[in-house]
K.L.:
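Structure provided below as structure tokens; questions to follow.
Residue numbers start at 1 and run along the sequence shown. Note that the structure is predicted; figures quoted are calculated from it, not measured.
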Amino acid sequence: MESHAVYPGTFDPPTKGHFDVVRRSQKLFSKVTVAISAHPSKAPLFSFEERKSFFLEEFRGSNQLEVTSFERELLVEFAMNVNAQAIIRGLRAVSDFDYEMQMTLMNRRLNEEIETIFLMPSEQYSFLSSSLVKEVASLGGDVSEHVSASVREALGERFRS
């Protein structure tokens, strides 16, 4: 049986920390679906297609990765609809845990068949967030250690215009 996990997020933009969590997930599951949220209250810097292309470029040649949009649906329902057994959540710091625990317990109440797996990124990415990367890039800072070349170029284009 194929093992399948969903890794949801806004990923605006994806960082090397996000890519690290995907790589770690691929060691545990035969298929990983990156579910890019189109959260109505957030105005993303990058379109869904752009964010999808960042992942597809990073994982070119991988037959374990699928990238899709995710909106206006409960996460556990989405996971069931794509036949996933688990939800991957990245934890960067202890401060993430309280919120993630509440979400996990609610998801378990909604559907106890879907497990949540917490993965920590490598230490060098543990402080990274998309918001922090955007802020540094918007002020002309160098984010090349934190994002892929294509994301860095796209950030440069957005903030130069």
K.L.:
Take a 6.0 Å sphere around CE of Met103 and say whether it holds more than 12 heavy atoms from other residues, nucleotides or ligands.
P.N.:
yes
K.L.:
Quick one: pull up OH in Tyr7 and OG1 in Thr33 and give me the separation to the nearest 0.5 Å.
P.N.:
13.5 Å
K.L.:
Begin with the C-alpha distance, continue with both residues' side-chain angles, and end with the deciding distance and a verdict on side-chain contact (heavy atoms from CB on, under 4.5 Å) for Glu145 and Tyr125.
P.N.:
CA-CA 10 Å; Glu145 287 184 49; Tyr125 307 128; over 6 Å; no
K.L.:
Roughly how far, to the nearest 0.5 Å, is CD1 of Ile36 from CD of Glu71?
P.N.:
12.0 Å
K.L.:
Considering residues, nucleotides and ligands other than Glu77, do more than 12 of their heavy atoms fall under 6.0 Å from its CD?
P.N.:
yes
K.L.:
What is the distance from atom CZ of Phe78 to atom OG of Ser37, rounded to the nearest 0.5 Å?
P.N.:
10.5 Å
K.L.:
CD/Glu153 to CG/Leu155 distance, rounded to the nearest 0.5 angstrom?
P.N.:
10.5 Å
K.L.:
Hydrophobic clusters here meaning ILVMFWY residues chained together by side-chain heavy-atom distances under 4.5 Å, can you tell me if Phe48 and Val151 are in one?
P.N.:
no
K.L.:
Please determine if Glu58 and Arg23 form a salt bridge, counting it only when a charged side-chain N lies under 4.0 Å from a carboxylate O.
P.N.:
yes
K.L.:
Are Phe118 and Leu105 in one and the same hydrophobic cluster, where Ile, Leu, Val, Met, Phe, Trp and Tyr link if side-chain heavy atoms are under 4.5 Å apart?
P.N.:
yes
K.L.:
So which atom in Asn111 and which in Met80 form the shortest heavy-atom distance, rounded to 0.1 Å?
P.N.:
ND2-SD, 2.9 Å
K.L.:
Quick check for you: to the nearest 0.5 Å, what is the distance between Ile87 atom CD1 and Ile117 atom CD1?
P.N.:
10.0 Å
K.L.:
Is there a side-chain contact (heavy atoms from CB on, under 4.5 Å) between Ser25 and Val32 once you walk through the steps?
P.N.:
CA-CA 7 Å; Ser25 300; Val32 176; 3.8 Å; yes
K.L.:
Answer yes if Ile88 and Val34 sit in the same cluster of Ile, Leu, Val, Met, Phe, Trp and Tyr residues linked by side chain heavy atoms under 4.5 Å apart, and no otherwise.
P.N.:
yes
K.L.:
Below 4.5 Å, heavy atoms only, C-beta onward: do Ser62 and Gln26 meet side chain to side chain?
P.N.:
yes
K.L.:
Hey, any chance Leu65 and Phe70 share a hydrophobic cluster, counting ILVMFWY side chains that come within less than 4.5 Å of each other, even indirectly?
P.N.:
no
K.L.:
Please set out all donor-acceptor pairs under 3.5 angstrom arising from side-chain atoms of residues 13-22, sequence neighbours excluded.
P.N.:
unit_1	atom_1	unit_2	atom_2	d
Thr15	OG1	Gly17	N	3.1
Thr15	OG1	His18	N	3.3
Thr15	OG1	His18	ND1	3.3
His18	ND1	Thr15	N	2.9
Asp20	OD1	Ser122	OG	3.3
Asp20	OD2	Arg24	NE	3.0
Asp20	OD2	Ser122	N	2.6
Asp20	OD2	Ser122	OG	3.2

K.L.:
Pair Lys134, Asp12 - check salt bridge (Lys or Arg N to Asp or Glu O under 4.0 Å), show working.
P.N.:
CA-CA 8 Å; Lys134 285 188 287 193; Asp12 185 42; 3.1 Å; yes
K.L.:
Using a distance-only test with no angle check, is there a side-chain donor-acceptor pair under 3.5 angstrom linking Ser150 and Ser148?
P.N.:
yes
K.L.:
How far does OG of Ser129 sit from CG of Leu132, to the nearest 0.5 angstrom?
P.N.:
4.5 Å
K.L.:
Output, in order, the C-alpha distance, side-chain angles, deciding distance and verdict of side-chain contact (heavy atoms from CB on, under 4.5 Å) for Val67 and Phe59.
P.N.:
CA-CA 10 Å; Val67 182; Phe59 294 93; over 6 Å; no
K.L.:
Are Phe11 and Phe46 close enough that their ring centers fall under 6.0 Å?
P.N.:
no
K.L.:
Is it possible for you to say whether Leu28 and Leu91 belong to one hydrophobic cluster, with membership spreading through side-chain heavy-atom contacts below 4.5 Å?
P.N.:
no
K.L.:
Are the side chains of Phe97 and Thr104 in touch, meaning some heavy atoms are under 4.5 Å apart?
P.N.:
no
K.L.:
Apply side-chain contact (heavy atoms from CB on, under 4.5 Å) to residues Asn107 and Leu75 and explain how you reach the verdict.
P.N.:
CA-CA 8 Å; Asn107 285 339; Leu75 180 56; 4.2 Å; yes
K.L.:
Identify the two heavy atoms, one from Pro8 and one from Val6, that lie closest to each other, and give their separation to 0.1 Å.
P.N.:
CD-O, 3.4 Å
K.L.:
Check Asn83 against His4 and note the closest heavy-atom contact, atom names and distance.
P.N.:
O-ND1, 3.5 Å
K.L.:
Of all heavy-atom pairs between Ser30 and Gln64, which one has the smallest distance, and what is that distance?
P.N.:
O-CG, 3.2 Å
K.L.:
Between the side chains of Glu50 and Arg158, is the shortest nitrogen-to-carboxylate-oxygen separation below 4.0 Å, so that they form an ion pair?
P.N.:
yes
